[in-house]
Amino acid sequence: LGYNSQTHVDWQKRCVALEMQLLRFRLQAGKIRELLAEKVREREGQLIDCEHVSVDIVDDVLQIHVMEEKLKYANVQPSESENSVFRRYQDLTNQMQEKDAVIKRLEVQLEKQILVRAQEAKIIEEKAAKIKDWVTFKLREVSVARIHYVLKVWVRLEMLEKSGYLLKMGSQIKAWKRRWFILRNGEIFYYKSPSDVIRKPQGQMELNSSCRIARGEGAQTFQLITEKKTFFLAADSPNILEEWIRVLQNIFKVQASSPVAMETTTAKPTVRGWLTKVKHGHSKLVWCSLVSKVFYYYRNQDDKLPLGQLRMREAVVEEVDRSCDSDEDYEAGGRGFLSSHCTLVVHPREQSPTYLLIGTKQEKDTWLYHLTVAAGSSASFKVGTEYEQLVGNLLDVEGDPDSVLWRREALCFCKDGLRSPLTTLPSEALQTEALKLFKSCQLFINVLVEAPSIDYHMSLAQNALQVCLTHPELQNEMYCQLIKQTNCRTPHNSSLTQPGPECWQLLAVCVALFLPQQHFLWYLRQYLQRHADPRSEVGKYAVYCQRSVERTLQNGEREAKPSRMEVLSILLRNPYHHSLPFSIPVHFQNITYQVVGFDGSTTVEEFLSTLTQRVGMRKPHLSGFALFTDDPSGRDLEHCLRPSIKICDVISKWEQALKELHPGKYEGTRIVRLMYKNRLCFRAQAKGETERERLLLAYQVNDEVHQGHFPVNKELALEVAALMAQVEHGDLDRPAPSSASCSSPQPKSQQILLQALGRFYPKHYKQDCSMDQLRDLSERLATKWSVLRGCSASECVRIYLTVARKWPLFGAKLFHAKPLPPSSVEQSQVWLAVNEDGLCVLDYTMHPLVTYSYQSVITFGGCCDDLMVVVSQTKEQGGGKKSVEKLVFALPKPKLCQLSVRARD
């Protein structure tokens with residue numbers, strides 16, 4: 001049922017009107033009964049009067065009879081008085097007969113009126129009963145879930161919209177900013193002031209059932225935690241704070257319990273666009289979306305909660321000849337639409353019809369086809385293209401493999417180009433793009449996959465699939481074209497001497513990116529099942545595509561076009577031989593790597609699960625390790641990957657960024673570098689560490705030592721360098737001392753010592769050393785290394801980490817910065833150390849100057865190349881009062897972003 005606030009009010013008004021009409025009927029029936037009773041009483045009174053008159057007449061008649069008898073026997077002439085009595089007797093007799101006739105006539109009329117009124121009362125009662133039954137039926141017709149949804153929508157309109165001023169903490173500069181907030185349609189927009197609401201908002205917050213609210217330390221602050229970001233907000237008073245929290249919690253409850261929100265977020269719309277919806281004499285331009293078998297309509301394109309919906313299952317969808325509304329009142333109102341508008345009427349079961357006004361014929365054909373398919377009546381109404389009708393016929397015969405429909409010309413390979421698209425599309429521009437897609441498929445098929453043409457095939461595949469990602473309406477069209485060009489393709493109708501797998505290869509790339517909608521997905525599955533055969537190359541590709549379809553359904557569709565590596569692997573490596581057709585090395589800090597396989601739907605989380613099992617490490621959330629990529633620009637930056645994104649999307653976006661930064665320079669020669677290293681180091685992670693984790697952590701700490709980001713003196717630097725040299729190379733081979741030879745190591749040993757100094761000794765300690773000083777360092781290193789003879793690598797790693805963990809800031813990330821006014825730090829260069837306890841400012845020799853716990857940090861953030869940190873401290877001299885201090889540091893923007901993210905984590 002499609003409900004909005006207006007239809008709900010109309011529904012209530014109609015119910016009240018029906019109840020009032022029933023009450024009027026009952027009052028009229030009561031008045032009729034009273035009138036009949038009054039008339040009956042009048043007739044009874046008249047009858048009583050007649051009875052009294054009749055008694056007098058009877059007495060007179062008796063007297064006359066007595067007189068007649070007397071006269072008969074006496075034979076005497078009657079006197080004048082007796083004649084007058086006789087005449088009176090005759091008159092009274094006539095009057096009595098007339099009254100008897102009147103009474104009988106009145107009795108007949110009364111009986112007739114009683115019968116008529118009884119029949120009228122019966123008819124009124126029957127009508128009232130029918131009205132009552134109809135109202136009861138209509139109320140029962142609405143399911144409990146729909147009543148719940150309507151009430152939620154009503155509550156949303158009445159109670160879930162709010163506006164007002166709040167303080168918001170900035171994302172760059174961590175300072176409170178006063179903003180005007182508007183909560184509407186499940187989203188929060190904020191502006192500088194109420195007068196700016198007609199402009200583009202400064203930002204927005206998407207709300208859903210996964211969001212939550214956390215109260216801040218102050219009485220007027222709270223945190224709005226969404227899937228993507230945490231917002232820090234403050235109200236002007238505790239009462240305003242409670243109002244906002246109450247409204248937000250109501251929204252979360254509505255969205256969590258609303259079936260509409262669940263359906264619209266988990267499914268991909270089949271077709272969508274702006275339509276004019278007309279119902280009950282009211283027209284409104286709404287954003288419409290057909291998801292599975294439900295038609296939703298929204299006030300705006302970005303709204304999360306719809307105004308209403310129509311269940312399309314078993315609904316009647318028809319095209320009408322002219323623009324009209326669902327009732328005569330609208331036509332009588334004189335409002336009309338352009339004659340160019342097309343009109344569809346949707347009539348769900350046991351509901352009033354809804355009219356949809358559509359601007360163009362292409363859009364009308366698209367909506368008519370998809371709505372009819374959703375209603376389940378496409379085969380009977382013959383809507384859509386010939387190809388779509390044949391697919392519908394196959395669906396009716398349940399994909400019978402022996403059906404002649406599979407060999408119909410429209411479904412089979414076509415050497416020539418298409419004259420029109422295979423599917424119904426909503427615009428001429430998309431129809432043109434569909435024909436271009438078919439030309440790309442033809443070019444991909446007709447050129448043999450050889451070394452000189454690899455780049456040609458890759459470019460065709462990437463460009464065609466990017467068009468489908470940009471225009472989702474073409475995705476069904478793409479699959480229909482690929483299935484058509486692989487169906488019944490033989491050497492006779494192929495331009496090649498043998499039917500090659502090129503089109504199947506393009507299909508194999510496509511199924512990992514996106515899938516067709518509605519019954520086209522069923523058609524794809526039936527088609528793959530029909531060709532799946534491990535004994536032939538085409539059958540192997542069909543089996544591979546079947547696996548890819550299930551993986552795409554499991555993990556969702558992709559965000560970016562296929563990468564060069566992905567397309568080349570499909571074209572050259574015969575992907576059907578591997579359950580994981582792609583592979584890439586993951587590098588570690590100890591200059592080793594592990595090759596990990598993946599498919600087109602593998603997420604970072606799944607990728608790391610495979611990696612950790614192979615290298616013997618705990619899950620990332622237990623070890624603190626994460627997957628990083630290098631920066632395409634070549635700068636010393638690393639990007640941490642979220643667990644939910646797909647590896648193929650990471651590679652594709654990295655390649656695209658490289659191509660934009662260096663067009664044509666590194667294309668095909670440089671690939672993304674994946675690194676697995678520790679990201680967040682907490683003391684609790686040390687419990688349960690595996691040997692491989694300790695080894696990699698030791699190498700990562702050694703890299704910090706080598707870069708000068710770890711405080712060690714020269715003597716300790718040689719000690720830890722010897723430990724790492726023992727881990728890397730084992731025991732040092734030195735010649736036996738003799739008088740004939742000098743005490744210096746052999747050339748090979750000297751080379752190993754120099755390599756150890758270059759990798760494990762702090763570079764700032766040896767950058768100004770002369771050759772003699774370097775030889776002395778080598779000798780001293782050799783001496784300390786020799787002491788470790790026989791010590792295992794795991795024991796050296798244990799000793800190394802034990803020494804490193806004695807530094808209070810072990811595991812902290814250091815950033816080189818320059819203090820700026822109004823900072824109270826007097827040093828010209830400092831280190832900012834971020835760890836699990838807070839922020840520590842170190843001098844250039846890494847001695848702590850001041851430490852701020854996270855509880856004392858009010859806000860922080862960056863603007864341009866400056867980092868601002870606002871902290872509060874308690875002054876003992878001021879009687880325990882807190883003072884606010886503002887610290888500003890200059891550091892590069894990429895490092896600033898890394899520091900901010902690490903501090904938030």
Side-chain angles (χ1 to χ4, degrees), residues 263 267-272 289-295 310-319 344 346-349 364-414 418 420-426 434 468 472-489 507 510-511 514-532 542-543 545-546 548-550 552-553 557:
E263 292 174 6
K268 177 180 176 182
T270 305
V271 59
R272 54 189 175 180
S289 177
L290 179 63
V291 180
S292 185
K293 294 184 180 298
V294 184
F295 176 85
L310 298 176
R311 295 286 177 178
M312 295 304 302
R313 187 181 298 275
E314 298 184 7
V316 177
V317 182
E318 296 176 331
E319 180 182 3
L344 299 181
V346 180
H347 199 159
R349 294 183 60 189
K364 180 266 297 179
D365 291 340
T366 301
W367 279 103
L368 177 61
Y369 172 72
H370 289 293
L371 289 173
T372 306
V373 170
S377 56
S378 59
S380 59
F381 282 95
K382 301 297 181 183
V383 296
T385 63
E386 180 185 5
Y387 195 97
E388 290 171 331
Q389 291 179 16
L390 288 174
V391 173
N393 293 335
L394 280 172
L395 183 62
D396 291 338
V397 298
E398 299 181 353
D400 181 9
D402 298 327
S403 174
V404 296
L405 294 172
W406 289 104
R407 293 182 292 276
R408 290 286 293 271
E409 182 180 356
L411 298 182
C412 295
F413 175 84
C414 172
L418 293 178
S420 61
L422 300 179
T423 59
T424 306
L425 297 172
C468 294
E473 300 89 348
L474 293 172
Q475 293 177 3
N476 286 348
E477 176 73 21
M478 185 66 175
Y479 273 100
C480 291
Q481 292 181 6
L482 293 176
I483 293 175
K484 176 181 177 65
Q485 294 306 94
T486 54
N487 187 29
C488 301
R489 187 182 180 213
L507 180 60
C510 188
V511 290
F514 52 82
L515 293 176
Q517 296 296 307
Q518 288 185 336
H519 56 289
F520 289 109
L521 178 58
W522 170 88
Y523 178 51
L524 173 64
R525 283 175 153 175
Q526 292 292 321
Y527 181 75
L528 295 177
Q529 181 63 36
R530 177 180 171 84
H531 287 81
V543 173
C545 290
Q546 284 180 315
S548 295
V549 167
E550 299 306 317
T552 305
L553 287 171
E557 299 181 351

Can you name the salt bridge (charged side-chain N to carboxylate O under 4.0 Å, His left out) partners of Arg272, sequence neighbours left out? none
Tightest non-hydrogen contact, residues Trp367 and Leu344, listed as CB-CD1, 3.9 Å
Return yes if some donor-acceptor pair links the side-chain N/O of Lys484 with the main-chain N/O of Cys412 below 3.5 Å, else return no. yes
Heavy-atom side-chain contact between Phe295 and Val317 under 4.5 Å: no
Quick one, Cys510 and Leu482 - any side-chain contact, counting heavy atoms below 4.5 Å? yes
To the nearest 0.5 Å, atom CZ of Arg349 lies from atom CZ of Arg311 at 13.5 Å
More than 12 heavy atoms from other groups under 6.0 Å of CD on Glu550: yes
Going from CG on Leu524 to CD on Gln546, what distance comes out if it is rounded to the nearest 0.5 angstrom? 9.0 Å
Any side-chain heavy-atom pair from Val391 and Leu395 closer than 4.5 angstrom? no
Between His531 and Tyr527, is the gap from one ring center to the other below 6.0 Å? yes
Evaluate the side-chain proximity of Thr366 to Glu473: yes if any heavy-atom separation is below 4.5 Å, no if none is. no
Pairwise side-chain contact, Gln485 with Cys414, heavy-atom cut-off 4.5 Å (strictly under): yes
The single option from Thr423, Thr424, Asn476 passing side chain to side chain donor-acceptor pair (under 3.5 Å) against Glu388: Thr424
Does the side chain of Val511 reach to within under 4.5 Å of the side chain of Tyr479, using non-hydrogen atoms? yes
Regarding Gln481 and Glu477, do their side chains bring together a donor and an acceptor under 3.5 Å, going by distance alone? yes
Is the CZ atom of Arg530 crowded by more than 12 outside heavy atoms at less than 6.0 Å? yes
Show me the donor-acceptor pairs, under 3.5 Å and distance only, between side chains in residues 400-411 and residues at least two apart or in other chains.
{"unit_1": "Asp400", "atom_1": "OD1", "unit_2": "Asp402", "atom_2": "N", "d": "3.2"}
{"unit_1": "Ser403", "atom_1": "OG", "unit_2": "Leu405", "atom_2": "N", "d": "3.2"}
{"unit_1": "Trp406", "atom_1": "NE1", "unit_2": "Asp400", "atom_2": "O", "d": "2.9"}

Do Leu507 and Leu528 touch side chain to side chain, with heavy atoms closer than 4.5 Å? yes
For Phe520, all residues meeting ring pair (Phe, Tyr, Trp, His ring centres under 6.0 Å), sequence neighbours excluded: none
Beyond-backbone contact of Leu394 with Trp522, side-chain heavy atoms, under 4.5 angstrom: yes
